[in-house]
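Count residues from 1 along the sequence. In listed order, ligands and their atoms are each counted from 1.
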Amino acid sequence: MELFDLPGKLMDAYLIEWGSLLLRWLHLIVGIAWIGSSFYFVWLDNSLKPPVDPQLKAKGVGGELWAVHGGGFYNPQKYLVAPAHLPDELHWFKWESYSTWLSGFALVSTLYYFQASTYMVDPSVAAISPAQAVAIGLGTLAGGWVVYDLLCRLLIKRSQLLFGLIYYSFVVAVAYALTHLLSGRAAFIHVGAMIATTMSGNVFFWIIPGQKRVVAAMQRGEAPDPMDGIRAKQRSYHNNYLTLPVLFCMISNHYAFTYTHPMAWLVLAVILLAAVLIRHFFNLRHKGKVCWQFPAAAIALLAGVAVWLAPAPRVASAAAAPTLADIQPVINTRCTPCHAEKPTLMPAAPAGVLLDTPERIEAQAQRIYDQSVKLKAMPLGNITGITDAERGKIAAWFEGRQR
Ligand code: HEC
């Protein structure tokens with residue numbers, strides 16, 4: 001196997017690990033800055049109260065708020081339209097979003113596009129080539145934006161609920177298609193990356209340019225085009241609701257039970273809906289309306305998924321269960337190329353899981369069973385070609401030990 005061609009491959013894998021570590025770290029930092037500032041402004045906007053001071057009203061202030069943080073008192077004021085004179089220094093919030101997208105794109109390239117045969121292609125899902133998988137991934141990011149942008153233009157005057165229902169159906173359709181083309185984890189990440197690309201696209205193509213036009217018009221002493229304000233409001237309203245769904249997609253890769261299910265698209269659809277309901281609860285709460293039916297519905301949906309995905313009870317078989325010695329050859333050929341002290345396919349044993357001695361196999365029995373039988377998440381991308389019969393053998397061994 002050319003994968004055993006060392007140390008070139010090993011060095012590559014090691015560098016990919018470092019690239020992924022640094023990019024993921026960066027992506028988290030800037031993503032926190034973006035979503036954090038976005039949450040702050042949503043909360044601020046929803047919490048403003050009309051000013052009591054007539055002088056403020058005369059200045060055109062439509063809402064204000066008092067807050068204390070880190071030992072200081074803050075008094076943000078929002079103008080109904082804009083202040084009569086623009087200040088010399090105006091803070092813009094855009095690099096939080098751009099850097100999140102750039103680092104995210106670099107990360108998905110490192111983890112998925114450069115290792116498409118391992119992480120994107122799953123022969124048991126669809127017989128596609130790594131290049132096709134990458135094209136599907138990139139096409140999803142771009143196509144997702146085009147469809148969303150078109151919907152926004154068409155539905156600019158319609159209710160947000162109608163927009164939400166149509167866009168949600170679109171996302172579910174994408175999830176359905178991707179889970180029938182790519183590996184489960186790649187499908188979930190790409191649904192998240194598609195929504196996140198759309199959010200950054202909103203900031204980059206509409207919100208910031210719209211604000212620039214408003215400021216430029218004011219500097220020329222003209223009235224700004226109200227359409228810029230309407231569009232920016234529509235798009236940032238959407239971004240607000242998309243934050244929690246995106247964050248779920250981003251962490252989903254650590255929870256194989258979600259994306260390995262045969263109906264993973266439905267699992268994702270229900271969880272994303274629950275995320276939107278939770279966000280809605282907070283949006284209303286900032287405005288002083290506490291509507292528990294939304295989080296209650298979200299919890300009911302999540303509980304429903306939990307019950308639905310619960311592992312089936314084991315069927316006891318009368319035949320003598322295989323012993324550790326029977327399954328060791330399976331583990332040696334299918335798992336230890338990665339899970340050993342000196343693995344041949346990875347720079348170091350992934351997740352620190354070592355399966356290279358009988359004692360270590362015994363110690364990891366439950367996790368071996370979970371990953372290779374229950375979730376079928378291992379061997380990763382089934383790169384070592386485990387067969388169903390071998391998975392059955394591991395299952396029988398594990399279940400035999402339980403009795
Ligand atoms: C191509 C390399 C590769 C092979 C082969 C492989 N694994 Fe893994 N394994 C990984 C990687 C990478 C991770 C970390 C996954 C992650 O971060 O989501 C992992 C994680 C695990 C974990 C920890 C998962 C967790 O979240 O607790 C277990 C257990 C595991 N593998 C078992 C197995 C078993 C059993 C086999 C053989 C049937 C196997 N692996 C074959 C690469 C591999």
Side-chain angles (χ1 to χ4, degrees), residues 1-6 9-10 12-21 23-25 27-28 107-108 110-112 114-124 130 182-189 192 249-260 264 311 322 324 326-399 401:
M1 218 203 296
E2 97 259 23
L3 281 161
F4 287 87
D5 165 25
L6 297 170
K9 283 268 189 264
L10 208 63
D12 288 354
Y14 181 65
L15 290 178
I16 286 180
E17 285 273 89
W18 264 103
S20 118
L21 165 63
L23 284 170
R24 194 185 294 258
W25 197 2
H27 187 54
L28 259 175
L107 188 58
V108 81
T110 311
L111 292 180
Y112 286 90
F114 296 155
Q115 312 181 79
S117 59
T118 315
Y119 286 98
M120 296 187 85
V121 177
D122 182 343
S124 69
L182 303 177
S183 73
R185 55 191 292 161
F188 275 34
I189 271 292
C249 294
M250 297 304 156
I251 59 168
S252 68
N253 271 212
H254 301 285
Y255 302 96
F257 69 88
T258 58
Y259 61 75
T260 50
L324 186 89
D326 295 324
I327 63 131
Q328 207 186 336
V330 178
I331 304 285
N332 279 343
T333 44
R334 309 305 185 197
C335 315
T336 47
C338 295
H339 292 287
E341 243 159 63
K342 295 211 159 48
T344 49
L345 296 181
M346 290 265 153
V353 174
L354 293 168
L355 304 173
D356 47 1
T357 66
E359 296 73 33
R360 285 173 171 163
I361 296 175
E362 189 58 46
Q364 300 285 350
Q366 178 76 50
R367 292 175 91 191
I368 294 174
Y369 174 77
D370 288 348
Q371 296 292 325
S372 65
V373 178
K374 226 167 63 184
L375 303 171
K376 295 204 169 86
M378 291 291 141
L380 189 72
N382 201 3
I383 201 166
T384 49
I386 197 171
T387 63
D388 283 345
E390 287 169 336
R391 290 196 204 269
K393 211 170 190 177
I394 296 177
W397 160 71
F398 180 77
E399 284 151 19
R401 312 169 55 253

Those residues at least two apart in sequence (or on a different chain) that pass side-chain contact (heavy atoms from CB on, under 4.5 Å) with Leu111 are Ser20, Arg24, Leu107, Gln115
Within 4.0 Å of some non-hydrogen atom of Thr384, the atoms of ligand 1 are 5 (C)
Check for a donor-acceptor pair, side chain of His339 on one end and backbone N or O of Leu355 on the other, with a separation under 3.5 Å.
no
re atom 5 (C) of ligand 1, the protein heavy-atom contact at minimum distance is Arg334 O, 3.2 Å
Only one of Glu399, Gln364, Arg391, Lys374 passes side chain to side chain donor-acceptor pair (under 3.5 Å) with Tyr369, and that residue is Glu399
In ligand 1, the atoms that come under 4.0 Å of a heavy atom of Ile383 are 1 (C)
Can you say whether the rings of Phe188 and Tyr259 are parallel (under 30°), tilted (30 to 60°) or perpendicular (over 60°)? perpendicular
So the atoms of ligand 1 within less than 4.0 Å of a heavy atom of Ser372 turn out to be 38 (C)
For the backbone of Ile386 and the side chain of Asn382, can you confirm whether one donor and one acceptor N or O come within less than 3.5 Å of each other?
yes
Applying side-chain contact (heavy atoms from CB on, under 4.5 Å) to Tyr112 and not counting sequence neighbours gives Val108, Tyr119, Met120, Arg185, Ala186, Ile189, Asn253
By side chain to side chain donor-acceptor pair (under 3.5 Å), Trp25 pairs with (sequence neighbours left out) none
Checklist line | Heavy-atom gap Glu390 to ligand 1 smaller than 4.0 Å | finding: no
Is Asp356 reaching over with its side chain to a backbone N or O of Glu341, donor-acceptor style, under 3.5 angstrom? yes
Under 2.8 Å from atom 8 (Fe) of ligand 1, the protein N, O or S atoms found are His339 NE2, Met378 SD
| task | For the residue pair Ile368 and Val353, establish whether any side-chain heavy-atom pair is separated by less than 4.5 Å. | result | no
Arg334 and Val330: side chain to side chain contact (heavy atoms under 4.5 Å, CB included), yes or no, with the steps?
CA-CA 6 Å; Arg334 309 305 185 197; Val330 178; 4.0 Å; yes
| Looking at ligand 1, does any of its N/O atoms fall within less than 3.5 Å of an N/O of Tyr119? | no
Residue, atom and distance of the protein heavy atom nearest atom 18 (O) of ligand 1 read Arg185 NH1, 3.5 Å
Atom 27 (O) of ligand 1: closest protein heavy atom, distance to 0.1 Å, is Arg367 NH2, 2.8 Å
